Amino acid sequence: MTEKTIPLLPCRTIQPVVDFYTALGFETTFLQKSPYPYAVVERGPVQLQFFGMKQYDPAESYSGCYIVTDDVDTLHETFRAGLKAAYGKIPLRGLPRIGPLKDMSYGMRQFLMTDPGGNSVRVGQAISEDQSHRPAPRETFARALHMADLFADSKQDLPGAAKIIDHALALIPDERPTAVQHLRLLVLRGDIAQRLGDDEPARQFLGRAAALPLTDEERESAHDSLARLDELRSSAAP
């Protein structure tokens with residue numbers, strides 16, 4: 001006996017959602033406009049189904065799904081390239097958007113996308129056999145990063161994540177984070193500010209991050225954050 005789970009996700013209008021997933025390399029295998037809007041998109045073993053609701057507000061959406069892969073880095077790059085080709089740039093905020101690739105504290109390396117219907121699609125790869133949430137570290141800045149990552153890229157509570165980071169940054173110079181911790185805090189805070197539409201604070205946080213001196217070993221350790229820093233600064237350039 002074989003079973004299969006298929007997410008049914010809402011949207012206001014079908015076509016922008018279909019176009020988004022087409023850019024990601026999905027094939028539209030079913031599309032109807034009446035008696036009600038409905039679409040099915042597929043990419044390999046992944047199938048998503050969508051239904052239209054005229055009164056639906058994508059900005060208020062809480063719906064989504066999780067896609068597990070064995071090569072999240074390649075999928076992230078493939079999706080980014082498809083979105084850039086379709087939209088002329090990689091959408092980092094608003095609807096639709098694609099987020100950064102990062103290692104989460106619950107044993108997954110993942111990124112988040114949000115489609116034009118407001119549906120959150122998490123794409124991840126297991127990097128640990130233990131998928132449970134790790135206890136928050138006791139050290140001040142490690143704890144701040146742990147909690148801010150969860151708020152920003154799991155709970156999707158951007159103001160809450162910003163508050164955590166601001167509190168940690170206010171402790172400097174009385175307390176000293178490592179160079180990599182300092183970088184990650186500033187990049188994530190700039191990322192959050194940009195996603196919230198606070199462009200000038202975003203530029204300031206990202207500029208501070210770019211000015212931090214790092215050794216080669218530190219740069220290797222902070223590879224994901226440095227890649228996100230470059231992307232965010234490029235997207236903010238006039």
Side-chain angles (χ1 to χ4, degrees), residues 7 9 11 15-28 39 41-48 50 58-59 61 63-104 108-127 149 152-154 156 158 161 183-184 186-197 199 202-203 205-206 209-210 219-238:
L9 304 171
C11 58
Q15 194 59 52
V17 171
V18 168
D19 292 342
F20 174 80
Y21 287 95
T22 297
L24 300 180
F26 283 73
E27 177 186 0
T28 303
V41 299
E42 299 184 53
R43 189 181 194 278
V46 178
Q47 181 182 128
L48 304 175
F50 300 90
S61 174
S63 57
C65 65
Y66 205 117
I67 298 173
V68 178
T69 178
D70 59 4
D71 191 355
V72 72
D73 287 75
T74 296
L75 207 54
H76 187 241
E77 283 305 310
T78 298
F79 285 179
R80 283 163 49 88
L83 292 174
K84 185 174 183 179
Y87 295 96
K89 63 178 181 179
I90 299 170
L92 303 182
R93 60 180 176 180
L95 295 175
R97 63 180 179 269
I98 185 169
L101 184 62
K102 60 174 60 178
D103 295 341
M104 302 303 295
M108 295 295 290
R109 180 166 173 79
Q110 72 173 34
F111 64 94
L112 274 64
M113 303 184 298
T114 306
D115 67 25
N119 301 297
S120 176
V121 180
R122 301 165 191 255
V123 183
Q125 177 179 356
I127 54 176
D149 271 336
D153 292 306
S154 285
Q156 298 193 69
L158 296 181
L183 175 82
R184 289 187 58 204
L186 289 170
V187 172
L188 182 54
R189 187 62 182 88
D191 192 345
I192 291 167
Q194 194 173 107
R195 283 190 257 176
L196 290 172
D199 292 336
R203 280 190 286 270
F205 285 118
L206 297 174
R219 295 186 70 83
E220 178 63 27
S221 176
H223 175 271
D224 287 346
S225 292
L226 288 170
R228 186 62 171 176
L229 173 61
D230 289 342
E231 181 174 52
L232 292 169
R233 296 191 83 196
S234 296
S235 68

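Note that the numbering runs from 1 along the sequence shown for the chain. It should be emphasised that the depicted structure is a prediction, and the values quoted were computed from it without experimental measurement. Atoms considered below: every heavy atom in the structure, side chains included; atoms not considered: hydrogens, waters and symmetry mates.
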Q: Hey, is Asp224 close enough to Arg109 for a salt bridge, meaning N to O under 4.0 Å?
A: yes
Q: If you apply the rule side chain to side chain contact (heavy atoms under 4.5 Å, CB included), what do you find for Ile90 with Glu231, and how did you get there?
A: CA-CA 9 Å; Ile90 299 170; Glu231 181 174 52; 3.9 Å; yes
Q: Check this for me: does any side-chain nitrogen of one of Arg93 and Asp199 sit under 4.0 Å from a carboxylate oxygen of the other?
A: yes
Q: Which of parallel (below 30°), tilted (30 to 60°) and perpendicular (above 60°) describes Phe79 and Phe111?
A: perpendicular
Q: Does the pair Ser154 and Met104 meet the rule for a side chain to side chain contact (heavy atoms under 4.5 Å, CB included), with working shown?
A: CA-CA 9 Å; Ser154 285; Met104 302 303 295; 3.6 Å; yes
Q: Do you know which two heavy atoms are closest between Ala152 and Ile192, and how far apart they sit?
A: CB-CD1, 4.3 Å
Q: Quick one: pull up CG in Asp191 and CZ in Arg184 and give me the separation to the nearest 0.5 Å.
A: 12.0 Å
Q: At their closest point, which heavy atom of Ser225 faces which heavy atom of Leu183, and how far apart are they?
A: CB-CD2, 4.1 Å
Q: To the nearest 0.5 Å, what is the distance between CD (Gln110) and OH (Tyr66)?
A: 4.0 Å
Q: Taking all non-hydrogen atoms of both residues, which atom of Gly117 and which atom of Ser61 are closest, and how far apart?
A: O-CB, 4.1 Å
Q: Assess whether atom CG of Asp70 is packed by more than 12 heavy atoms of other residues, nucleotides or ligands within 6.0 Å.
A: no
Q: Just do the side chain to side chain contact (heavy atoms under 4.5 Å, CB included) check on Val123 and His76 with the steps written out, would you?
A: CA-CA 8 Å; Val123 183; His76 187 241; over 6 Å; no
Q: Quick one: which of Leu188, Leu92, Leu206, Leu101 gives a side chain to side chain contact (heavy atoms under 4.5 Å, CB included) with Arg228?
A: Leu92
Q: What distance separates Leu9 CG from Leu48 CG, expressed to the nearest 0.5 Å?
A: 6.0 Å
Q: Starting from the C-alpha separation in whole Å, work towards a yes-or-no answer on side chain to side chain contact (heavy atoms under 4.5 Å, CB included) for Thr69 and Val72.
A: CA-CA 6 Å; Thr69 178; Val72 72; 3.8 Å; yes
Q: Could you tell me if the side chain of Leu75 sits less than 4.5 Å from the side chain of Asp71, heavy atoms only?
A: no
Q: Any side-chain heavy atom of Leu226 sitting closer than 4.5 Å to one from Glu220?
A: no
Q: What's the shortest heavy-atom distance between Leu95 and Ala59, and which atoms?
A: CD1-N, 4.3 Å
Q: Which atom names give the shortest non-hydrogen contact between Met108 and Ala126, and what distance separates them?
A: SD-CA, 3.5 Å
Q: Are Leu83 and Leu24 close enough that some pair of their side-chain heavy atoms sits under 4.5 Å apart?
A: yes
Q: Is there side-chain contact between Asn119 and Met113, with heavy atoms separated by less than 4.5 Å?
A: no
Q: Verify the neighbour count for atom CD of Gln15: are there more than 12 heavy atoms of other residues, nucleotides or ligands below 6.0 Å?
A: yes
Q: Does a side-chain N-to-carboxylate-O contact under 4.0 Å join Asp153 and Arg195?
A: yes
Q: Taking atom CD of Gln156 and atom OG of Ser120, what is their separation to the nearest 0.5 Å?
A: 4.0 Å
Q: For residues Tyr21 and Phe50, establish whether the separation of their ring centroids is below 6.0 Å.
A: yes
Q: With rounding to the nearest 0.5 Å, note down the distance linking CZ in Arg97 to OG1 in Thr114.
A: 3.5 Å
Q: Can you find a heavy atom in the side chain of Gln125 that is under 4.5 Å from one in the side chain of Val68?
A: no
Q: Just how far is it from atom CD of Gln194 to atom CZ of Arg203, taken to the nearest 0.5 Å?
A: 9.0 Å
Q: What pair of heavy atoms forms the shortest contact from Pro116 to Pro16, and how long is it?
A: CG-O, 3.5 Å
